[in-house]
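From a predicted model like this one, the values you see are computed outputs, not experimental measurements. Order of the sequence lines fixes the chain letters, A, B, ..., with proteins taken first and strands second; residue numbering starts at 1 for each chain.
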4 protein chains.
Amino acid sequence: MSPSTPRKRLSREESQAQTRARLIDTAQQLFVTNGYGGTSIRDIADWAGYSQGAFYSNFASKEEVLLELLRGHMEAEAAQLSNLVDSGGRTPEQILGDLESWAATLNNDADWCTLSIELQLHANRSPTFALEYQTVWDAHRAGLGRVIGKLFATLGRTPPAEPEELAAAFMALTHGLALQRVAGRPDPSGRLILVFLRGLIASAGLPDTAPGADPQPALPA
Amino acid sequence: MSPSTPRKRLSREESQAQTRARLIDTAQQLFVTNGYGGTSIRDIADWAGYSQGAFYSNFASKEEVLLELLRGHMEAEAAQLSNLVDSGGRTPEQILGDLESWAATLNNDADWCTLSIELQLHANRSPTFALEYQTVWDAHRAGLGRVIGKLFATLGRTPPAEPEELAAAFMALTHGLALQRVAGRPDPSGRLILVFLRGLIASAGLPDTAPGADPQPALPA
Amino acid sequence: MSPSTPRKRLSREESQAQTRARLIDTAQQLFVTNGYGGTSIRDIADWAGYSQGAFYSNFASKEEVLLELLRGHMEAEAAQLSNLVDSGGRTPEQILGDLESWAATLNNDADWCTLSIELQLHANRSPTFALEYQTVWDAHRAGLGRVIGKLFATLGRTPPAEPEELAAAFMALTHGLALQRVAGRPDPSGRLILVFLRGLIASAGLPDTAPGADPQPALPA
Amino acid sequence: MSPSTPRKRLSREESQAQTRARLIDTAQQLFVTNGYGGTSIRDIADWAGYSQGAFYSNFASKEEVLLELLRGHMEAEAAQLSNLVDSGGRTPEQILGDLESWAATLNNDADWCTLSIELQLHANRSPTFALEYQTVWDAHRAGLGRVIGKLFATLGRTPPAEPEELAAAFMALTHGLALQRVAGRPDPSGRLILVFLRGLIASAGLPDTAPGADPQPALPA
DNA sequence: CATGAATGAGAGTTCATTCAT
DNA sequence: AATGAATGAACTCTCATTCAT
């Protein structure tokens, strides 16, 4: 290192940011493992290697860390969805492929799902939290709804329910399956989600096409 | 009062059965409202109008009430399923109608679903409880799986995944949708479940029928 | 069974006495094992095979059982002592032999000693109990003191302290050694008590004998 | 006060050491008065003027305070014994005098004895505690055994039992006599211990001295 | 900013005791 | 006399939170 860039030592701001980041990370892991209620602030501080006071220097309460996690959750999901949505001019096969890889992500990132359940549960209890949560949730639902709407539009079919409702249902399916996960057993979540998605497409009406055409020739299971 | 229609006073057994029943009822309501972890034994006893000691005269621990609720849950679900399964020789329309009314039940009985989530969450934390829980869960999954298998058999179609897996997926969907419920908004659970079910049927293969036949003429959405 | 001796069934009084006796026995065992404070009335009733109510039909409180045990203790000790004391005209060797067998009793009956400590401890806490206890204790101390006094008198020696005090000291030694007992290790109580007793005799003055005589020829270790 | 030694205020470390010390002191007094089982953590905290939480900031459990007291006990006893043991080249009279003053200490420090009994009792119930306790106990027994062995060696006599066993017996005697203490009555412990010790010396053999010598001319009671 | 001793409320649980049966 | 459900107080222990340092 040259004398002009010596800083092994973090500036005060950097150090503070690090403390905060470590607390958030630790909190997420503990919430996933032990649940929100089953995690104490002492736990978070201890596992992160800080004192309880350090926690309170960064967050006003346990709920505030959860909010912070919610924001991270939100950003990650928004990024994911923009990948699915923004790229125009795709064939149905490509969109379905995208959704498939999204489902695979869920499969791998079990922690997010578990955390997501914790968020939802806590929103059901705490009105304060519910308010912030609703925003995130609605945004996500709208985003996923748009992807689904687009898929059906590209296929030239009418979805069997409002795209946003279908989006909510897929998220519900994801959460419900995450709840069923047992360590050691293979997780069929991604596969089942696709099975259901293909089902929806199969049952979707072809509004103004000539009758007798094969309904879904392009999408063999 | 005549000697043959005796005392408003409860006999000892009746009285203790009443106590137990009231504690269980109160516990269920509180678990649904505040979650398992968010409910204290003090709460249960207080709301039921008894002392904490009364609770411990009836249950060895908080987990034991949850087990009791699980058993009730189990019986109710078994009864429901036997209605769906046992009656032979039905048309596909009848079976679908049965499933529809089952979905409607879920719609109305939001508490059961919320409680069911609590059960599943607690099973994920407590090995003791998980053991008992797994039994109930497996039985229920097998039961619902049988109904689904029968439906596809009656329709002469091949289900797009193992019936038991589909059953698990529908339960997941139910739980996930229950999680999303917000007081004041209409609950689309039952409707969405049927949408997905119809989708599965639509995408199911017709193993040995003549090609070109209209795949699902009997089941318009 | 002949018709003239039918009674498989206990009379009410007999049955009650049996209940009482079983409760007392169970209580003693539990007090010895877990201590007075570590034993609950529920424990006593359960282990004896009765309800808690049965306990309260026989005793007003936990302390009353302890009193009952104290009385039993007292009688047993009185009987023991009267054996040591009453038989007149013994040689010193015989008396020492008697004491030796008394010490051996203590060795075997560890339970009595442990219980005795519990009694003494409880007397130190409860004034009510202390009152009754003091009587028993004083009687026992006086009894054992008389034996010791007699022993010295027979030997024609002056005890190095008041016989009653020596009695108390021997009981203290017994209790203290009982406290040190560890399961699995041999218990040297009886032997040590005799070692100390011989010591007292050895150091006892020969008030009016000719000087130069061998002090204790008759009692080699 | 000069500016260099200003603050009446305690530093943080001092203050927390004070808290700990007060809790330990209070615990000791209460254990002595009410017994280990009869003392609640609430009691300790209340009497020390702190909250229960303060207790748990300093000790993990009630047993840990007892361990702390045990350590203090151990140190005090070790110091006492090193006084008795270390100083070489003493006449028998001096050693006996030392033991006499040791016995007098016991006399005055009744609390230690009572506490010692509580320690022993708790060791009999809790395996965890027993482990630590055994170490202390063995050390003390060995130490006192050494003093006794030295005494007999100086006197040129053979002790009537293993010095360690005699040590254990004297500790038992001490404990047992402490148990008998009743407030208001004079406590003969110290005196009786010396009576017994002189007895042991009197009955000790003179292995290789000329026969006919006066056995214990130097030690008149 | 970070510390962690101390707080006070509340958790699950046990217990001696009461009383309708 | 015996039952055991129910009581209410007390127990050990954990927690989110505060605040002097």
Are [X] and [Y] side-chain neighbours, meaning at least one heavy-atom pair lies under 4.5 Å?
| X | Y | result |
| --- | --- | --- |
| B:R22 | B:Y50 | yes |
| A:N58 | A:Q16 | yes |
| A:L121 | B:E118 | yes |

Might you point out which heavy atoms bring C:F31 and C:L115 nearest each other, and give the distance in Å?
CB-CD1, 4.1 Å

If you compare all heavy atoms of C:F129 against all heavy atoms of C:L119, which two are closest, and at what distance to 0.1 Å?
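Result for this residue pair: CE2-O, 3.4 Å.
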
Could you state the [atom1]-[atom2] distance from [X] to [N], rounded to the nearest angstrom?
| X | N | atom1 | atom2 | answer |
| --- | --- | --- | --- | --- |
| D:I41 | E:dG8 | CD1 | C1' | 16 Å |
| C:F59 | E:dT17 | CZ | C1' | 16 Å |
| A:K62 | F:dA16 | NZ | C1' | 8 Å |
| D:D46 | E:dT7 | CG | C1' | 13 Å |
| B:I44 | E:dT13 | CD1 | P | 11 Å |
| D:E13 | F:dT21 | CD | P | 13 Å |
| D:D43 | F:dA9 | CG | P | 17 Å |
| B:E14 | E:dA20 | CD | P | 18 Å |

By side-chain hydrogen bond (donor to acceptor under 3.5 Å, both in side chains), which residues pair with D:S57, not counting sequence neighbours?
none

Counting Watson-Crick and G-U wobble pairs whose two distances are both under 3.5 Å, find the runs of 3 or more in a row that involve DNA chain E.
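So the stems come out as E:2-21 with F:2-21.
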
Looking only at side-chain atoms of D:Y56, point me to the closest of F:dC11, F:dT17, F:dC13.
F:dC13

Reading 5' to 3' through nucleotides 2-7 of chain F, protein heavy-atom contacts under 4.0 Å coded B for base, S for sugar-phosphate only, - for none
BBBSBB

Nearest-nucleotide wise, let me know which of B:Y36 and C:T39 is further upstream toward the 5' end of DNA chain E.
B:Y36

Most 5' of B:E63 and C:A60 on DNA chain E, judged by nearest nucleotide:
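This one resolves to B:E63.
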
Any donor-acceptor pair under 3.5 Å linking the side-chain atoms of C:T114 with those of C:D111?
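Note: C:D111 and C:T114 side chains miss the donor-acceptor criterion.
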
Residue pair A:Y36 / A:E63, side-chain donor-acceptor N/O under 3.5 Å
no

Evaluate the criterion side chain to side chain contact (heavy atoms under 4.5 Å, CB included) for residue pair B:Q120 and B:W137; output intermediate values, then yes/no.
CA-CA 9 Å; B:Q120 204 131 18; B:W137 170 257; 4.1 Å; yes

